[in-house]
Q: 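Below you'll find the structure I mean.
Along the sequence shown, residues carry numbers from 1.
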Amino acid sequence: MTQPKVAVIYYSATGHGTTMAQRVTAAAESAGAEVRLRHIAETQDPASFAHNPAWTANYEATKDLPAATGEDIVWADAVIFGSPTRFGSPTAQFRAFIDSLGGLWAEGKLADKVYAAFTSSQTLHGGQESTLLNLYVSLMHFGGIIVPPGYTDQVKFADGNPYGVGLVANRDNIAEFDEATNDALDHLARRVVGVAARLAA
């Protein structure tokens, strides 16, 4: 099997997305992919979220790690994006990154790659599906090959999200990283790697 190159590109405020991205990265590597894990740089002034210990902790833990650039997408055969839900859409930080890709889009360098995504929200019905669908609209403009998990494995009947993977994190920053969520993240990564490998071959 051809070894696909997978970029896991995510934005995380309070760290749930970081944990999800790390899980996806490990699963993709186990499935045989070469993986670049890249966070989207914070655009907010750290003073503006100093009152939020989880946000500050995640910022401090990731700020010196390699930040995502458009070249990470150009390098990849497949991209797994991650963004928290903000009012039913990806975050402003994530959108700013997507909006920075216009030059690469115009050159056709974002097309014909496999794309999938994950998200998190405060409540189960807090906009996870609309966030993923809104994100996929941008990827359609890229000419991307969207590979959602669908109901292609029994684990998807447990987490119930055919569009990607969604995590519920409550106001106390407690995330429900239950077995179903972890299994769904693993399946998303394996499915993306498998499809990307077949396309690359």
Q: So do L167 and F118 actually touch side chain to side chain, heavy atoms under 4.5 Å?
A: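 F118 vs L167: side chains apart.
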
Q: E42 versus T62: any side-chain heavy-atom pair under 4.5 Å?
A: no

Q: Quick check: do T19 and R23 have side-chain heavy atoms less than 4.5 Å from each other?
A: no

Q: Side-chain contact, heavy-atom cut-off 4.5 Å: M20 with Y10?
A: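 SC-SC contact between M20 and Y10 ruled out.
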
Q: For Q93 and Y11, what are the C-alpha separation, side-chain angles and deciding distance, and is it a side chain to side chain donor-acceptor pair (under 3.5 Å)?
A: CA-CA 7 Å; Q93 293 90 335; Y11 171 74; 3.1 Å; yes

Q: E29 versus T25: any side-chain heavy-atom pair under 4.5 Å?
A: yes

Q: For this output row, return yes or no: ring centroids of Y163 and Y136 closer than 6.0 angstrom.
A: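 Here the rings of Y136 and Y163 have centres that are no less than 6.0 Å from each other.
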
Q: Kindly work out whether a path of hydrophobic side-chain contacts (I/L/V/M/F/W/Y, heavy atoms less than 4.5 Å apart) joins M140 to F142.
A: yes

Q: Under the 3.5 angstrom rule, does the side chain of T56 hit a backbone N or O of P53 as a donor-acceptor pair?
A: no

Q: Could you tell me whether the side chains of T85 and T131 share a donor-acceptor contact shorter than 3.5 Å?
A: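 Short answer, yes.
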
Q: Is there a side chain to side chain donor-acceptor pair (under 3.5 Å) between D178 and T181 once you walk through the steps?
A: CA-CA 5 Å; D178 56 12; T181 301; 2.7 Å; yes

Q: Checking S138 against R95 for the side chain to side chain donor-acceptor pair (under 3.5 Å) test, could you report, in this order, the C-alpha distance in whole Å, the side-chain angles of both residues, the deciding distance, and whether it holds?
A: CA-CA 10 Å; S138 296; R95 287 300 327 171; 2.9 Å; yes

Q: How would you list, by chain and number, every residue that makes a salt bridge (charged side-chain N to carboxylate O under 4.0 Å, His left out) with R38, sequence neighbours excluded?
A: D72

Q: Would you say E179 has more than 12 foreign heavy atoms packed within less than 6.0 Å of its CD?
A: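 No.
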
